[in-house]
> 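Structure below; questions to follow.
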There are 2 protein chains.
Amino acid sequence: MFSKSCEYGIKATAYIAVQAKNSNRVSLKEIAKAIDSPVAFTAKILQQLARTGIIDSVQGASGGFEIRHSQINKIKLSQIVSAIDGDNIYKGCGLGLNACNAKKPCPVHYKFQKIRDELKDMLESTTVEDLTLGLKNGHTYLKR
Amino acid sequence: MFSKSCEYGIKATAYIAVQAKNSNRVSLKEIAKAIDSPVAFTAKILQQLARTGIIDSVQGASGGFEIRHSQINKIKLSQIVSAIDGDNIYKGCGLGLNACNAKKPCPVHYKFQKIRDELKDMLESTTVEDLTLGLKNGHTYLKR
DNA sequence: TATTCACAGGATTTGGAGAACATCTTTTTT
DNA sequence: AAAAAAGATGTTCTCCAAATCCTGTGAATA
């Protein structure tokens with residue numbers, strides 16, 4: 001469904017948000033450990049997220065990553081996905097055709113459109129805060 | 001969404017079905033040309049589909065691939081997907097966790113489950129015949 | 001029965017995403 | 001100002017899906 005990068009991006013953002021709620025700034029290492037991801041690779045993804053303004057990075061000793069409290073309930077999953085995987089999930093043809101659209105649809109175009117639209121709605125109506133709720137009370141997990 | 005193999009598999013099956021309705025048996029080359037896919041790679045995928053009984057292959061001169069008329073409206077998209085990609089699409093975790101299930105769900109588990117269930121329903125309720133209809137009257141396409 | 005056509009299937013190569021490594025830059029602390 | 005902590009960036013390595021190659025086998029037909 002999503003690329004590995006995107007999966008890590010979502011998990012990392014969720015973890016940072018949980019810690020930000022406790023006013024903790026977290027380091028790259030801590031994040032990688034918490035979401036069980038390769039450190040160096042995670043660094044690149046966090047950079048992408050920081051550049052697009054989804055998370056904030058602070059350099060230097062006692063630096064790390066954080067998210068402004070006011071942003072936690074505003075960041076939508078769709079933003080993270082777009083930042084990392086682009087909008088191919090919404091636009092891409094189910095059968096991989098380059099020019100698949102309403103004018104020249106592939107045989108499964110409309111059936112897939114329905115699914116994709118629902119996926120889009122879901123991603124646009126789910127905020128990072130939604131993800132933190134289950135994590136805080138231990139009902140959901142980021143590892144294993 | 002699907003692997004390239006799977007995309008080719010669906011397109012090939014649809015094409016073979018259209019031709020089978022006209023009582024034409026089609027060769028590997030013709031199929032590859034019709035769906036704009038690499039010949040050798042397509043051969044492998046057709047082998048898989050033939051082995052699982054979704055399509056029939058006939059060796060020798062004037063051989064090729066075909067589908068029994070009585071099967072065209074019975075073969076479901078889900079069968080093709082399972083034969084090539086397995087059932088990872090239904091089971092796989094949205095965030096790539098190995099052990100993501102109702103007992104230890106990831107933060108997006110239930111939201112994704114809904115989408116996946118709908119995808120499953122769609123694939124199970126769409127037959128190869130459904131795909132052939134648009135192709136025959138020129139409303140849908142397999143190339144470009 | 002020899003030839004040719006066409007699929008079967010094992011072995012191999014290629015390309016790109018994912019992962020790891022090394023180095024440079026910035027910021028904080030002392 | 002120097003050292004330490006941490007992010008930024010470029011390069012390399014690895015692995016698997018994607019694609020190809022080559023040889024084997026079966027069927028038609030002359």
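Order of the sequence lines fixes the chain letters, A, B, ..., with proteins taken first and strands second; residue numbering starts at 1 for each chain. All heavy atoms count here, side chains included; hydrogens, waters and symmetry mates do not.
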> Pairs under 3.5 angstrom, nitrogen or oxygen only, protein versus nucleotides 2-5 of chain C, please.
residue : atom : partner  : partner atom : Å
dC5(C)  : O2   : Ala61(B) : N            : 3.1

> Expressed as a whole number of angstroms, how long is the span from Lys4(A):NZ to dC16(D):C1'?
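Rounded to whole Å, this separation is 13 Å.
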> Would you indicate, yes or no, if dA8(D) has its OP1 or OP2 atom less than 4.0 angstrom from a side-chain nitrogen or oxygen of Ser57(A)?
yes
> Which ring-ring contact (aromatic ring centres under 6.0 Å, His included) pairs, counting each pair once, include a residue from residues 33-58 of chain B, with sequence neighbours left out?
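Residue pairs passing ring-ring contact (aromatic ring centres under 6.0 Å, His included), neighbours aside: Tyr8(B)-Phe41(B).
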> For Ala83(A) and Ile54(A), which heavy atoms make the closest approach, and how far apart are they?
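Closest heavy-atom pair between Ala83(A) and Ile54(A): CB-CD1, 3.9 Å.
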> Does Lys76(A) come within less than 4.0 Å of Glu124(A), counting only side-chain N to carboxylate O?
no
> Please report the distance, rounded to the nearest Å, between CD1 in Ile55(B) and C1' in dC7(C).
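In whole Å, dC7(C) C1' and Ile55(B) CD1 are 11 Å from each other.
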> Return the value, rounded to whole Å, for the distance between atom CD of Glu66(A) and atom P of dT27(C).
15 Å
> Tell me the interatomic distance from Met1(A), atom CE, to dA17(C), atom C1', rounded to whole angstroms.
19 Å
> Holding to ring-ring contact (aromatic ring centres under 6.0 Å, His included), I want the full list of residues that pass it with Phe2(B), two or more places apart in sequence or in another chain.
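Scan of Phe2(B) (ring-ring contact (aromatic ring centres under 6.0 Å, His included), adjacent residues dropped) gives Phe112(A).
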> Write down the distance between CD1 (Ile84(B)) and P (dA17(D)), rounded to a whole number of angstrom.
14 Å
> Taking for each residue the nucleotide of DNA chain C bearing the nearest heavy atom, is the 5' side occupied by Phe65(B) or by Val58(A)?
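Per heavy-atom nearest nucleotide, the more 5' residue is Phe65(B).
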> Answer whether the closest heavy-atom distance between the side chains of Ile16(B) and Val128(B) falls below 4.5 Å.
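Not touching, per the 4.5 Å side-chain cut-off.
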> Polar pairs (N or O, both sides) under 3.5 Å between protein and nucleotides 23-25 of chain D?
none

> Whether Lys4(B) and Glu7(B) form a salt bridge (side-chain N of Lys/Arg under 4.0 Å from carboxylate O of Asp/Glu) is what I want to check.
yes
> Do any of residues 37-52 of chain A sit with a heavy atom less than 4.0 Å from DNA chain C, and if so which?
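Listed by number, they are Pro38(A), Ala40(A), Phe41(A), Lys44(A).
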> Once you round it to whole Å, what is the distance between P of dA8(C) and CD1 of Ile31(B)?
10 Å
> Could you pull out all donor-acceptor pairs under 3.5 Å where a side-chain atom in residues 90-107 of chain A meets a protein atom, sequence neighbours excluded?
residue   : atom : partner   : partner atom : Å
Lys91(A)  : NZ   : Asp87(A)  : OD2          : 3.3
Asn101(A) : OD1  : Lys103(A) : N            : 2.8
Asn101(A) : OD1  : Lys104(A) : N            : 2.9

> Between Asn73(B) (side chain) and Thr127(B) (backbone), is there a donor-acceptor pair under 3.5 Å?
no
> How long is the line joining CZ of Arg25(A) and C1' of dT28(C), in whole Å?
11 Å
> In whole Å, I'd like the distance from the CD atom of Glu7(B) to the C1' atom of dA17(D).
13 Å
> Taking atom types as modelled, is there a side-chain donor on Lys21(A) or Thr132(A) under 3.5 Å from an acceptor on the other?
yes
> Identify the heavy atoms of Ile10(A) and Leu131(A) that sit nearest to each other, and give their distance.
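Smallest interatomic distance, heavy atoms only, reads CG2-CD1, 4.0 Å.
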> Look up atom OG in Ser125(A) and atom CG in Asp130(A), then write down how far apart they are to the nearest 0.5 Å.
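That separation rounds to 8.0 Å.
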> Would you say dA19(C) has OP1 or OP2 under 4.0 Å from some side-chain N or O of Tyr8(A)?
yes
